[in-house]
Structures are given as structure tokens and as C-alpha cells.
Amino acid sequence: DQQVKQNSPSLSVQEGRISILNCDYTNSMFDYFLWYKKYPAEGPTFLISISSIKDKNEDGRFTVFLNKSAKHLSLHIVPSQPGDSAVYFCAAGDDKIIFGKGTRLHILP
Amino acid sequence: GAGVSQSPSNKVTEKGKDVELRCDPISGHTALYWYRQSLGQGLEFLIYFQGNSAPDKSGLPSDRFSAERTGGSVSTLTIQRTQQEDSAVYLCASSLGHSGAAYEQYFGPGTRLTVT
């Protein structure tokens, strides 16, 4: 029973365009949401987060949107750069953190 | 300052042997997590320690897996009688706490376990 779902295992986006990564969750008690980025052979690194009391948080090229009624959040990266190629994990917490299975993002030259 | 460290970085063991994986969290972080990432899979939650509370062991896949956290700092994940399906990268993470921005976890580089 996955509480945090990333339904797209992979995504390819042209360099310079917008990358949109999606995440759905089932537990309405989650009060904090996070995105992590992972390169091969490294541990995940924190990217951006959002509290359940907000619907948008922006940090440079990265913006996270939260739609609580739909239990959906998304990460927008614009413009996409080659170094953004990685696996992106969505995570949510109401005490402990639960991760999705990840989406592999390929930025095409 | 030092981040989360894990040892060993790689471990090859024979099926049936016991292994211990170590995690040194960031000093002052009260929350510590263990995750497992099998080839091509996402992050599978294993166990969570928060301060002096009883650990949340709900993610441990079998009773061959156990973990402890001594003195609220270093943690050891033990796998007894290893099986080939235990082969994975085991990741440890720590965070300041368990609400709001304190959720933000810092991950170690992981231990790659191979069971032959």
C-alpha cells in the first residue's frame, strides 16, 4: 500500500524547457512534503520542500506546487539543464518520512 | 561540519552470514532513518528512530533484520542469515526532528551490500 506514488518511472525533457515531475499521496495527515534528487552512487540530497499550509514554494529554478484537495504535488524545473538529469524522489511526512519510488529525469541536449 | 557517514561503503558476503552496517548521523540530529534501495527500485523505508521513543520498525522486511541506536547517536543495522534478495544499497539519513523543516533529511552515501 503505497502512501506516496510517483507514477512516471522516467521522463525526458529538452534542455531549456520545463520539467514537471508529479507525485500523488493518500494520507491526508501528511503535513510536510519534500523533493530529493539522487545521482548514481550517491545518497539523495534535499532539493525543496513545502508545508501543508502553503500551495507553492519557489527556490530559483525549482517550484513545488501542492494541491491538497487532489492530494497531489508537483515539482517544476525551469529552465531544465543537463545537470538536472537524476532520479527525483517525492517524500511526505506526518511523523516519519515516506518516499515515492522516484522518477528518472533525462535532460536531452 | 561532518555529514552523515556510513561504513563500510561496500560489503560482499556469503549467503547465510550475518552483516552489520553502521551509520554515524549528524551531531544533534534526533531522528535517524534506514532505507534500502534495490536495483531499479525506490527508497524502501526500514526503520526510524526519534529521540528516546521506541523505534518504528514497521518497514523491516523480516525478523532477520534489526537495528539499534546507541546513546541517541550511532546506529547499527544488522542482517542475520543474509539472503541474495538482501542485496541492495542501504541508506541512512538523519534529521533534526519530525515536524516542519526539521523533516529535511541528510543522507549518507550508503552501503552497497552484495550477497553471493
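Convention: sequence-line order gives letters A, B, ...; per-chain numbering from 1. Since the model is a prediction, treat every value here as computed from it, not as a measurement.
Ring centers of A:Tyr36 and B:Phe107: under 6.0 Å apart, within the cut-off.
Residues of residues 108-116 of chain B lying within less than 4.5 angstrom of chain A, judged on heavy atoms, are B:Gly108, B:Pro109 in numerical order.
Of all non-hydrogen atoms in A:Gly43 and B:Leu91, the two that sit nearest each other are CA-CD2, 4.0 Å. Across all their heavy atoms, B:Leu43 and A:Phe99 have their closest contact at CD1-CD2, 3.4 Å.
For B:Ser58, the part sitting under 4.5 Å from any heavy atom of chain A is the side chain, from C-beta outward, and nothing else. If you measure heavy-atom distances from B:Gln37 to chain A, the contacts under 4.5 Å come from the side chain alone.
For A:Arg17, the CZ atom counts as loosely surrounded, since its 6.0 Å shell holds 12 or fewer non-hydrogen atoms of other residues, nucleotides or ligands. Within 6.0 Å of CD in B:Glu85 there are more than 12 heavy atoms belonging to other residues, nucleotides or ligands.
With sequence neighbours left out, the salt bridge (charged side-chain N to carboxylate O under 4.0 Å, His left out) criterion links B:Arg22 to B:Asp24. Legend: residues meeting side chain to side chain contact (heavy atoms under 4.5 Å, CB included) with A:Ala41, ordered by chain and number and at least two apart, are absent.
In this structure, B:Tyr106 shares a hydrophobic cluster with B:Val4, B:Ile26, the cluster being traced through Ile, Leu, Val, Met, Phe, Trp and Tyr side chains under 4.5 angstrom apart.
Atom CD1 in A:Ile98 sits 10.5 Å away from atom OH in B:Tyr48 (nearest 0.5 Å).
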